[in-house]
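Below is one structure, written out as structure tokens; the observations come after it.
By convention in this document, chain letters (A, B, ...) are assigned in the order of the sequence lines, proteins followed by strands, and residues within each chain are numbered from 1. Values below: every heavy atom of this structure, side chains too, minus hydrogens, waters and symmetry copies.
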Number of protein chains: 2
Amino acid sequence: MRGDVFAMKCPSRTVMKHMTSTWGVLTLIALKSGTLRFSELRRKVNGVSERMLTQTLQQLEGDRLLTRRSYPVVPPHVEYTLTDLGHEAAAHVECLANWVEDHMPQLAAMPEQA
Amino acid sequence: MRGDVFAMKCPSRTVMKHMTSTWGVLTLIALKSGTLRFSELRRKVNGVSERMLTQTLQQLEGDRLLTRRSYPVVPPHVEYTLTDLGHEAAAHVECLANWVEDHMPQLAAMPEQA
DNA sequence: GGAAGTACCAACATAAAAGTAAGTATGGAA
DNA sequence: TTCCATACTTACTTTTATGTTGGTACTTCC
């Protein structure tokens, strides 16, 4: 029942991909400090397009890392909240991001390659 | 001097991308247990093409996460070893991967989306 | 003599990811 | 009355990622 990221077809790879994607990382970290609605996330996650944010949120919801709550009011109102699993996931991702941020001076002297 | 993954142009994003790329993750984890040569890595990292492995190794080398040592012998012999930084990076990445592997049953019930 | 192994590179082709623009419904503000 | 905000979707284009093939230089094995 355990996943194996070394196995090409293991679904754990898909979850990893979602969590470590550019916008997945930022979305998880952004939601760590609490529930946010779509437009708030969009402002917080610098540079995401609506399309990408929607897609990222749907992926993370499909992985049960967050829940979507939509209120049927006239200007749409939708809230996104991390699940318990999501909080754990976000903690790991943030830990990684913090490490990279902290070690930037030592990493990459000449950032000219993609 | 500290990086910021929320900043679109921050080089930390590039490093994150290298570390969390499909093959970056597997390469780092594979090298955690010690030096490996190219062909050994290729066999260990299930499914990677030569091209992708080469590229991944060059990126990680550029980020100072591993070192390349090449011996000028007749059948080429090249060894890859994690740096101290690389070991730290690999630990974080493996931690994340382990978490995902351990929680697979709870994540993703129907893995039909990309 | 011919095949295989080694660690690549370059060119080409395809697949996947990401961005752009426009459309939708509705209420409230200007 | 026109415009904006909201939370999306859809179609389309561009960019990036990845895979495939073939070549290299030399040696050992069959």
Side-chain angles (χ1 to χ4, degrees), chain A residues 5 8-9 11 13-27 30-31 35-63 66-81 111-114, chain B residues 5 8-9 11 13-27 30-31 35-63 66-81 111-114:
Chain A
V5 291
M8 285 244 274
K9 297 177 184 173
R13 281 208 179 177
T14 306
V15 178
M16 273 288 278
K17 182 171 281 187
H18 297 166
M19 287 173 57
T20 61
S21 71
T22 308
W23 307 123
V25 169
L26 301 181
T27 302
L31 285 173
T35 297
L36 290 175
R37 45 192 298 198
F38 189 85
S39 54
E40 289 171 328
L41 268 171
R42 188 149 148 60
R43 279 185 285 270
K44 198 156 179 176
V45 178
N46 198 347
V48 218
S49 65
E50 294 193 348
R51 187 186 179 288
M52 278 301 105
L53 184 55
T54 302
Q55 191 178 105
T56 302
L57 289 167
Q58 287 172 349
Q59 289 172 346
L60 298 177
E61 193 194 359
D63 297 337
L66 57 81
T67 51
R68 192 187 100 112
R69 215 168 318 154
S70 146
Y71 299 90
V73 289
V74 175
H77 184 107
V78 182
E79 291 179 350
Y80 293 92
T81 312
E112 58 230 316
Q113 72 258 55
Chain B
V5 291
M8 286 245 273
K9 297 177 183 171
R13 279 207 179 179
T14 305
V15 178
M16 274 286 278
K17 182 170 281 187
H18 297 166
M19 288 173 56
T20 62
S21 71
T22 307
W23 308 121
V25 168
L26 302 181
T27 302
L31 285 173
T35 297
L36 290 175
R37 43 192 300 197
F38 189 84
S39 54
E40 290 171 327
L41 267 171
R42 188 150 148 58
R43 279 185 285 270
K44 198 156 178 175
V45 178
N46 197 348
V48 76
S49 66
E50 292 193 349
R51 188 186 180 288
M52 278 302 104
L53 184 56
T54 302
Q55 193 179 104
T56 302
L57 288 167
Q58 287 173 350
Q59 289 171 347
L60 298 177
E61 193 193 0
D63 296 336
L66 56 81
T67 52
R68 192 186 101 111
R69 215 169 317 155
S70 144
Y71 300 91
V73 289
V74 175
H77 184 106
V78 183
E79 290 179 349
Y80 293 92
T81 311
E112 59 232 315
Q113 71 259 53

Worksheet item: For Glu79(B) and Thr35(B), which heavy atoms make the closest approach, and how far apart are they?
Response: CB-CG2, 3.7 Å

Discussion item. Check the phosphate of dA7(D) against Ser70(A), side-chain N and O only, distance under 4.0 Å to OP1 or OP2. Yes or no?
Written reply: no

Item to complete: Write down the atom of Val45(A), the atom of Ala30(A), and the distance for their closest heavy-atom approach.
Response: CG2-CB, 4.1 Å

Worksheet item: Do Leu53(A) and Leu41(A) touch side chain to side chain, with heavy atoms closer than 4.5 Å?
Response: yes

Practice prompt. List the atom of Val73(A), the atom of His77(A), and the distance in Å for their closest heavy-atom pair.
Written response: CG2-CB, 3.6 Å

Discussion item. By nearest heavy atom, map Met8(A) and Gln55(A) onto DNA chain D; which one lands nearer the 5' end?
Written reply: Gln55(A)

Worksheet item: Are any of Arg37(A)'s side-chain N or O atoms less than 4.0 Å away from OP1 or OP2 of dA7(D)?
Response: yes

Worksheet entry | Separation of dG28(C) C1' from His77(A) NE2 (nearest whole Å) | 17 Å

Fill in: Atom pair distance, as rounded to whole Å: CG in Leu57(A) and P in dC8(D)
8 Å

Discussion item. Side-chain N or O of Ser39(A) versus OP1/OP2 of dT6(D): is the shortest distance under 4.0 Å?
Written reply: yes

Worksheet item: Counting distance only, does the side-chain N/O of Arg13(A) pair as donor-acceptor with the main-chain N or O of Val5(A) below 3.5 Å?
Response: yes

Worksheet item: With respect to the phosphate group of dA17(C), does any side-chain polar atom (N or O) of Ser21(A) fall under 4.0 Å of OP1 or OP2?
Response: no

Protein-nucleotides 9-12 of chain C N/O pairs under 3.5 Å:
| residue | atom | partner | partner atom | Å |
| --- | --- | --- | --- | --- |
| dC9(C) | OP1 | Gln58(B) | NE2 | 3.1 |
| dC9(C) | OP2 | Gln58(B) | NE2 | 3.3 |
| dA11(C) | N6 | Arg51(B) | NE | 3.4 |

Worksheet item: Is any side-chain nitrogen or oxygen of Lys17(A) closer than 4.0 Å to OP1 or OP2 of dA17(C)?
Response: yes

Item to complete: Tell me what Tyr71(B) touches on the nucleic acid: a base, only sugar-phosphate, or nothing, going by heavy atoms under 4.0 Å.
Response: nothing

Practice prompt. Whole angstrom is fine here: how far is it from CG in Asn46(A) over to P in dG19(C)?
Written response: 12 Å

Worksheet, complete the sentence: Rounded to whole Å, the CE-P distance (Met52(B) to dA16(C)) equals 14 Å

Worksheet item: Can you tell me how far C1' of dC8(D) sits from CD of Glu79(A), to the nearest Å?
Response: 16 Å

Item to complete: Ignoring backbone atoms, establish whether Arg68(B) has a side-chain N or O less than 4.0 Å from OP1 or OP2 of dC8(C).
Response: yes

Response to the item:
Between Leu60(B) and Gly24(B), the two heavy atoms sitting closest are CD1-O, 4.4 Å

Worksheet item: Could you give the CG-to-C1' distance, from Leu53(A) to dT20(C), as a whole number of Å?
Response: 16 Å

Worksheet item: How are the rings of Phe38(A) and Tyr80(A) set to each other: parallel, tilted or perpendicular (split at 30° and 60°)?
Response: tilted

Practice prompt. Could you tell me the separation between the CZ atom of Arg69(B) and the P atom of dT6(C), rounded to a whole number of Å?
Written response: 19 Å

Fill in: Protein-nucleotide distance (Arg42(B), atom CZ; dC8(C), atom P), rounded to Å
12 Å

